[in-house]
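Notes follow the structure.
Residue numbering restarts at 1 for every chain, and letters A, B, ... go by the order of the sequence lines. Any value given below was found using the heavy atoms of this structure, including those in side chains, with hydrogens, waters and symmetry copies removed. Everything numeric here is computed off the predicted structure, so don't read it as measured data.
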Amino acid sequence: MDLPGTWWPEDADGLAVVQTALAARTPEPWRPPVDRPLLIGGSFCCFPRGIEGPGGPGDPVWVAAVTYAGRRRIARHVRTDTAGAAYVAGSLAMREGPALAAAVEALEPRPDVMLVDATGRDHPRRAGLAYHLGAALDLPTVGVTHRPLLASGEWPGEEEGAASPLWLAEEQVGAWVRTRRGRRPLVVHAGWRTDPDVAVEVVRRALAGTRTPLPLREARRLARRTRAQTPVGPR
DNA sequence: GCGACAG
DNA sequence: ATCTTGTCGC
């Protein structure tokens, strides 16, 4: 498949073409560096409070991206933007892709790997937003969601860090991970240049006592805090 | 045809 | 994602 003419088509058919092309790629697998500290990023976007259902194109969106070195945040970027479309399962990239990409592109320095609140290979065309964003930005990514999109698998044990595979047909696309004892496990997705094992390893290393991995939690906090400081909406 | 369906 | 109410725990 060729490079897409645009990373973020504005129509569902165009997006499906890009997703199918990206899913067929076989990028060089990424592994955490062993000679220096691992930089883990997090990105998150939120929408206006009170918005009902799937929303629609033009909705204001607040998006934040951060870079962490261990428990130290070394970079952050927050911006406001507009949604490209309503939320539709399988087409999250149309709603959040452009805004998320713009925020991560403005992040300096970039992390080695970015956590994204979306699926990766767990997708009808094997190219969820976490996978798609990584391809668009040439950045390894790992997806983190509350639940699978299509994949299924048994829950892991209660011990912190416990993981169990999530399958889509014959492919392991991610894992349930007990990020905190006594809490519902999160879904960790293989993304761009990351397989399920590496994805789980990255999330384990990003944990800091809370259910949500630190970089993702901080990006979410920043996005929501910025929203709270906006009286009416983005200019 | 019907239900399910990342955020 | 956002909303709501209640509950458990530090």
Side-chain angles (χ1 to χ4, degrees), chain A residues 8 12 15-16 18-19 22-23 42-65 80-101 103-104 114-135 141-153 158 160 166-168 171 173-177 180-192 194 196 199 203 208-213 216-217 219-228 230 233-234:
Chain A
W8 313 108
L15 175 63
V18 170
Q19 290 172 332
L22 290 180
S43 55
F44 189 92
C45 59
C46 64
F47 296 90
R49 306 193 62 177
I51 192 175
E52 79 303 326
D59 286 342
V61 51
W62 290 266
V63 50
T80 59
D81 209 320
T82 51
Y87 166 72
V88 176
S91 300
L92 182 60
M94 281 178 57
R95 181 163 177 74
E96 306 181 348
L100 225 35
V104 176
M114 173 67 70
L115 302 180
V116 185
D117 56 318
T119 71
R121 298 287 298 182
D122 176 17
H123 182 274
R125 288 169 291 283
R126 306 298 192 276
L129 180 54
Y131 179 93
H132 189 156
L133 184 70
T141 54
V142 167
V144 178
T145 63
H146 295 307
R147 55 184 182 179
L149 177 53
L150 299 173
S152 58
E158 286 293 329
E160 184 168 310
L166 272 163
W167 304 89
L168 215 195
E171 179 185 1
V173 296
W176 284 110
V177 176
R180 191 168 184 195
R181 199 179 179 93
R183 305 263 355 215
R184 187 184 206 275
L186 287 176
V187 179
V188 174
H189 301 265
W192 183 248
T194 57
V203 165
T210 53
R211 184 170 89 114
T212 306
L216 209 48
R217 188 168 188 261
R220 183 176 63 193
R221 206 203 96 222
L222 288 173
R224 288 176 174 167
R225 204 231 290 157
T226 304
R227 176 183 63 186
T230 310

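- Expressed to the nearest 0.5 Å, how far OG of A:S91 lies from NE2 of A:H123 amounts to 6.5 Å.
- Closest heavy-atom contact between A:S152 and A:L166: C-CD2, 3.4 Å.
- Rounded to whole Å, the distance from CG on A:L15 to P on B:dA6 is 16 Å.
- Of the candidates C:dA1, B:dC5, C:dT2, B:dC5 carries the atom nearest the A:Y87 side chain, counting heavy atoms from C-beta on.
- Rounded to whole Å, the distance from CD1 on A:I51 to P on B:dG7 is 16 Å.
- Using a 4.5 Å cut-off on side-chain heavy atoms (C-beta onward), A:L15 and A:H132 make contact.
- At whole-Å resolution of the value, CG in A:L216 and P in B:dA6 are 17 Å apart.
- Among the protein residues, A:H123 comes within range of the nucleic acid bases, having at least one heavy atom under 4.0 Å from a base atom.
- Residue-level contact check: A:F44 touches the backbone only, with heavy atoms under 4.0 Å from sugar-phosphate atoms and none from bases.
- Between A:R227 and the phosphate of C:dT2, there is a side-chain N or O to OP1/OP2 separation shorter than 4.0 Å.
- A:R224 comes within 4.0 angstrom of the backbone, heavy atoms only, and of no base.
- If you check every strand for non-hydrogen atoms under 4.0 Å, A:L150 touches nothing.
- A 4.5 Å side-chain heavy-atom check between A:R95 and A:V61 finds every atom pair outside the cut-off.
- Rounded to whole angstrom, the span from the CG atom of A:L115 across to the C1' atom of B:dG7 amounts to 16 Å.
- Using a 4.0 Å heavy-atom distance criterion, A:R121 is classed as making no nucleic acid contact.
- Contact annotation: A:R95 side-chain N/O to C:dA1 OP1/OP2 distance is not under 4.0 Å.
- No donor-acceptor contact under 3.5 Å links the side chain of A:T145 to the base of B:dA6.
- Rounded to an integer number of Å, the gap from A:L149 CG to B:dA4 C1' is 10 Å.
- Look at CG on A:L100: it is 13 Å from P on B:dG7, rounded to the nearest Å.
- Looking at heavy-atom distances under 4.0 Å, A:G50 makes contact with sugar-phosphate atoms alone, never a base.
- More than 12 heavy-atom neighbours from other residues, nucleotides or ligands sit within 6.0 angstrom of CZ on A:R126.
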